[in-house]
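Chain letters run A, B, ... following the sequence lines, proteins first, then strands; residues in each count from 1.
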Protein chains: 2
Amino acid sequence: MATLKDVAKLAGVSIGTASSALNRYAGVKDSTRKKVLEAASLLNYRPNGAARDLKTQKTDTIAVFLHDLAGPFYSELIRGIQDVADEYEYATIASRGGKGRNTTWTRLLLEGRVDGAIVLDPTVPDEVIRSTVGPTLPIVLLDRILDTPYCLYVAADHEGGAYQVTRHLLETGMRRVAFVSGPADSHDSNLRFKGYQRALKEFGIETDHGLIFHGDFTERSGELVARAMLSCNELPEGVFAANDEMALGIIHGCESSEIRVPDQMAVVGFDDITVASYINPALTTVRQPMYELGGAAARNLFRAIRGDKDIPPVILPTQLILRDSSRFYARGGEGHNLPVNV
Amino acid sequence: MATLKDVAKLAGVSIGTASSALNRYAGVKDSTRKKVLEAASLLNYRPNGAARDLKTQKTDTIAVFLHDLAGPFYSELIRGIQDVADEYEYATIASRGGKGRNTTWTRLLLEGRVDGAIVLDPTVPDEVIRSTVGPTLPIVLLDRILDTPYCLYVAADHEGGAYQVTRHLLETGMRRVAFVSGPADSHDSNLRFKGYQRALKEFGIETDHGLIFHGDFTERSGELVARAMLSCNELPEGVFAANDEMALGIIHGCESSEIRVPDQMAVVGFDDITVASYINPALTTVRQPMYELGGAAARNLFRAIRGDKDIPPVILPTQLILRDSSRFYARGGEGHNLPVNV
DNA sequence: CTGTTAGCGCGTTCAG
DNA sequence: CTGAACGCGCTAACAG
């Protein structure tokens, strides 16, 4: 790799002059700047990132931590983030947290290789976030709330979305609506449970603990829950699964046991993953505005990087997507999107 | 952030000693190492990444460039890469190429912020790869072949997979099998076309240019192609779309025009994306071993980083997945996976 | 065993 | 307008 020194030598100037010609807009004669620029492009010169970062004490890079880079779900989020980062001329890099000692977040966060981060990954411990966040490294959390300076929060209205979809079930006259949770430590799952409870209360229904099931956000756990439900004496009229994967698993479990959805039991999910509209019956669910979420996260992150204090949390509205898996009347149609605004 | 100097001062030793105590396993008295370690953890010390990279001339990080972080498709690839990278104690960061001048690959590749890269992203220009690849930065290409030193190639057997799925259609007695290509500059699409042609030739069928359609890998383009097909006087008996998204679009287009798949026209795709098994009719397609592909790519990359020359290309076998969209006989079943080994 | 020192490549003073 | 010199934080070689 060609270094600044090489460029300076080729251009016949000193290293300091070369630097000025390349980075600053004043203080260099036009003719010498031209010489330097020529030399640089001739040598295919690019400043060494590590050296520049070390000197300037910034990296112009932000990190996005995702639990699993799966799904158009996250893809949209990243698009939202990256479009904003492009505006600000920041690079965006994504990563999953590994397992071992030498995890990626160690490298990126602790060793100061980025200027800010956006986290949607439960495997990144609170402790790591607490000990690295600060004025020189603000962090936007999408999956939890931490009451720590420079920790920002941006999320969809999980509680409201859950309320709405539960209410939708109750409005059809159901009384026995089950809830399937995600992992106990999932903030999102807990918020969705709250929304579920609020709807129930509003309809004057007591929470029945026999109708609360526990999964872990995987399709597999949904199947297991379905099996558990079927072994009870009475089937719920409807099930609200805290995410779509579990809803899929439940539908699949019903299929195996010849339980018809939605006729014998309605199933609704949360997230609106791609397959939700393709399965049979198409899944009623709650869509999060992923692109906007990413954009809002990035925008707030840059405000923090620029030194803004007191950036309030952002909560974006969700959208109820009605499909066949909860439809008792007027079936037919393609099972495609029928959005209902919040 | 605490620096090594701070640690040294607190521990009452020199900066060099502190460094040795932290990084090397010999040459430091146990008691002083202990003091240093204590001071370090007290100060929450972490070496500055930029400084270390600058000094050691390496980053212990590899980059993965993806066109779109969408889909469990890529997710598996990244898992494969990361699992190997973890073994080698390297960090993995993923990125999409942006549009502007200051793209992420500029930063990562040109400014030397990584020790190697894996590319599956047509938006990264050949030229950038050619000008950055070298002994200090080997690159594994998954979506093209570049005959340049330190450019490695790892891929699924696109040609063989295409051959196999085309052959599958021909074996049912079809003679008029259409091909829908991806973008003209897609290496993968071209290989798949080759496989298609080979199968045709083997069955003694002349290539009919009226049966070659051009798409761009999007579902939308599949729909357009379907419309074009329908406006011809004679429908093909079967269609091989160069990827699943386009196959989905074609099926969707047929649906709108009341053409039944597979009864009136069979449709097959390539990739085995998640929805392929969920749509109706479930899509016959070719599965690439994404996880293994990622693992092989990473493994070869590390061989190159370690200085191995002459690493041959790796071509991994694909798997034909028979589902309902190409089944004329013995329908029924769940439409779930029926793998047939290559 | 420990402290001192010389860069890694760059950006930025400060004299000339 | 230009060039020499310093230091960002760290590692490694060398003295003591």
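- Here the C1' atom of nucleotide C/dT2 and the CG atom of B/Asp30 are 15 Å apart, to the nearest Å.
- Computed from coordinates, the A/Leu22 CG to C/dT12 P distance equals 12 Å when rounded to whole Å.
- In this structure, B/His187 and B/Tyr153 have perpendicular ring planes: the angle between them is above 60°, well past the 30° mark.
- Going from atom NZ of A/Lys58 over to atom C1' of C/dC10 covers 14 Å, rounded to whole Å.
- Between A/Lys55 and A/Asp53, none of the side-chain N atoms (NZ, or NE/NH1/NH2) sits under 4.0 Å from a carboxylate O, so this pair counts as no salt bridge.
- A salt bridge links A/Glu76 with A/Arg79; the closest basic N to acidic carboxylate O contact falls under 4.0 Å.
- Although no hydrogens or angles enter the test, the distance criterion places a donor-acceptor pair under 3.5 Å between the side chain of B/Ser186 and the main chain of B/Ser189.
- Checked for salt-bridge contact, A/Asp126 and A/Arg144 meet the test: a charged N lies under 4.0 Å from a carboxylate O.
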Between the protein and nucleotides 9-12 of chain D, which nitrogen or oxygen pairs are less than 3.5 angstrom apart?
residue	atom	partner	partner atom	Å
D/dG9	OP1	A/Gln57	NE2	3.3
D/dG9	N2	B/Ala51	O	3.4
D/dC10	OP1	B/Tyr45	OH	2.7
D/dC10	OP1	B/Asn48	N	3.2
D/dC10	OP2	B/Leu4	N	2.4
D/dT11	OP1	B/Asn23	ND2	3.2
D/dT11	OP1	B/Arg52	NE	3.2
D/dT11	OP1	B/Arg52	NH2	2.8
D/dT11	OP2	B/Ser19	OG	3.2
D/dT11	OP2	B/Asn23	ND2	3.2
D/dT11	O2	B/Lys55	NZ	3.2

